[in-house]
Amino acid sequence: MNYGKRPMTNEADGYRLIAELMRDIVIGFGGDEIKTFLLDWPDHPQRRDVNPTVLPVIAQLSDLQRCSVPNLAVLVDRFLQIAPHCNWRQTYSTSDLGSEFLKNYGWVEIIGERGALVSDQIAAGFLMLGAYTAYPLHAHDAEELYFPLAGHAEWARGREAYSVKPPGTMIHHPSRVPHAMRTNAEPLLAFYVWRDGDLTQKSDIIAN
């Protein structure tokens, strides 16, 4: 499909095009770890109305295009088109991670129990971290895939050291495996997919 030439005629169309692009990227990686995610992916999800919300981190949206790569630019551009209409959320409070982290953190669910496209089998959406932001070690019951789209952030899993995962990488986190990420001069935009377990769970922050 040539997504780059398909017009976004309305907001609902935008969400569906984004979901198709996300699914195509997942399919492109192949491998046993993604098979169950694709089996759970909704074929024709029902649309749900969402209320647009604003978070401080979206001020850095304009920096994402310079941090992307050509083969992912269509998905980044599509997300930037719909971002002002999205229901931006935060899992944590200032008592969890402090006010500075919250200024540089937010996520949008596209598919799921709270997303614009309904599913109770998977949750898929976008995480954004501002520049020079550390998302500390955390864990959750759901199995997770991450796909960085813009920004060269560092990622850590379990006891592994941090390493840069460039745009176009797939990162797999099995259930309850601790993981963390941190940005430098570039903000990070990544899309995630959760399956199995509580798809609305608040992750547990793990003390170092």
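One-based numbering along the sequence shown.
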**Q.** Spacing of Trp88 atom CH2 and Glu109 atom CD [to the nearest 0.5 Å]
**A.** 13.5 Å
Q.
Tell me which pairs pass ring-ring contact (aromatic ring centres under 6.0 Å, His included) where either residue lies in residues 18-76, with sequence neighbours left out.
A. Phe29-Phe147
**Q.** Non-neighbouring partners of Asp32 that pass side-chain hydrogen bond (donor to acceptor under 3.5 Å, both in side chains), sequence neighbours left out
**A.** Lys35
Q. When you measure from the side chain of Thr183 to the backbone N and O of Tyr132, does any donor-acceptor pair fall under 3.5 Å?
A. yes
Q | Flag if over 12 foreign heavy atoms under 6.0 Å of CD, Glu160 | A | yes
(Q) Looking at every non-hydrogen atom in both residues, tell me the closest pair between Val57 and Gly106 and how far apart they are. (A) CG1-N, 3.9 Å
Q: Apply salt bridge (Lys or Arg N to Asp or Glu O under 4.0 Å) to Asp40 and list each qualifying residue two or more places apart in sequence or on a separate chain.
A: Arg195
Q) Can you tell me how far CD1 of Ile110 sits from CG of Leu21, rounded to the nearest 0.5 angstrom? A) 11.0 Å
Q) If you take all heavy atoms of Pro187 and Met128, which pair is closest and at what distance? A) CB-CE, 4.4 Å
Q) Is there a path of hydrophobic side-chain contacts, each under 4.5 Å between heavy atoms of I, L, V, M, F, W or Y residues, that connects Val118 with Val50? A) no
Q: Answer yes if Ile27 and Ile111 sit in the same cluster of Ile, Leu, Val, Met, Phe, Trp and Tyr residues linked by side chain heavy atoms under 4.5 Å apart, and no otherwise.
A: yes
Q: State which residues pass side-chain hydrogen bond (donor to acceptor under 3.5 Å, both in side chains) with Ser99; sequence neighbours excluded, sorted by chain then number.
A: none
Q: Kindly give the heavy-atom pair with the smallest separation between Pro136 and Ala180, and that separation in Å.
A: C-CB, 3.7 Å
Would you give me the side-chain donor-acceptor pairs under 3.5 Å for residues 59-66, sequence neighbours excluded?
unit_1: Gln60; atom_1: OE1; unit_2: Ala131; atom_2: N; d: 3.1
unit_1: Gln60; atom_1: NE2; unit_2: Asn104; atom_2: OD1; d: 2.9
unit_1: Gln65; atom_1: NE2; unit_2: Asp77; atom_2: OD1; d: 2.9

Q: Taking all heavy atoms of Glu186 and all of His152, pick out the closest pair and write down the distance.
A: OE1-N, 2.8 Å
Q.
Determine whether a donor-acceptor pair (N or O, by modelled atom type, separation under 3.5 Å) exists between the side chain of Glu144 and the backbone of His173.
A. no
Q) Which value, rounded to the nearest 0.5 Å, describes the distance between Leu38 atom CG and Leu145 atom CG? A) 8.5 Å
Q. According to the salt bridge (Lys or Arg N to Asp or Glu O under 4.0 Å) rule, which pairs have a member within residues 122-137, sequence neighbours left out?
A. none
Q. Going through the checks in order, is the side chain to side chain contact (heavy atoms under 4.5 Å, CB included) test met by Lys202 and Asp96?
A. CA-CA 11 Å; Lys202 179 180 179 179; Asp96 293 317; 2.8 Å; yes
**Q.** Distance flag, aromatic centroids of His140 and His179, threshold under 6.0 Å
**A.** yes
**Q.** Pair Phe191-Val26, side chain to side chain contact (heavy atoms under 4.5 Å, CB included): steps then yes or no
**A.** CA-CA 10 Å; Phe191 84 78; Val26 176; 4.1 Å; yes
(Q) If the condition is side chain to side chain contact (heavy atoms under 4.5 Å, CB included), which residues does Val54 pass it with, not counting sequence neighbours? (A) Ile58
Q) Which residues pass the side-chain hydrogen bond (donor to acceptor under 3.5 Å, both in side chains) test with Arg23, sequence neighbours left out? A) none
Q. Taking the hydrophobic residues Ile, Leu, Val, Met, Phe, Trp and Tyr, and joining any pair whose side-chain heavy atoms are under 4.5 Å apart, which ones share a cluster with Met181?
A. Tyr92, Leu97, Phe101, Leu102, Tyr105, Trp107, Leu127, Leu129, Tyr135, Tyr146, Trp155, Ile171, Leu188, Tyr192, Trp194, Leu199, Ile205
Q: List for me each residue that meets salt bridge (Lys or Arg N to Asp or Glu O under 4.0 Å) alongside Glu100, sequence neighbours excluded, and say none if there are none.
A: Lys103
**Q.** Parallel, tilted or perpendicular, as decided by the 30° and 60° cut-offs, for the rings of Phe79 and Phe126
**A.** parallel
Q | Arg89: side-chain hydrogen bond (donor to acceptor under 3.5 Å, both in side chains) partners, not counting sequence neighbours | A | Asn87
Q. Among all residues two or more places apart in sequence or in another chain, which pass the salt bridge (Lys or Arg N to Asp or Glu O under 4.0 Å) test with Asp141?
A. Arg176
Q. When rounded to the nearest 0.5 angstrom, what is the spacing between CG in Leu55 and SG in Cys86?
A. 11.0 Å
(Q) For a quick test of reading the model, state the closest non-hydrogen atom pair linking Arg48 to Leu117 and the distance between them. (A) NH1-O, 4.5 Å
Q | Separation between CD of Gln121 and OG1 of Thr36, rounded to the nearest 0.5 Å | A | 11.5 Å
**Q.** Non-hydrogen atoms of Pro84 and Pro52 that approach each other most closely
**A.** O-CB, 3.9 Å
**Q.** Nearest-0.5 Å distance that lies between atom CG in Asp196 and atom CD1 in Ile122
**A.** 12.5 Å
Q. Could you go step by step and tell me if Leu72 and Ile25 meet the side chain to side chain contact (heavy atoms under 4.5 Å, CB included) rule?
A. CA-CA 9 Å; Leu72 298 173; Ile25 289 173; 3.9 Å; yes
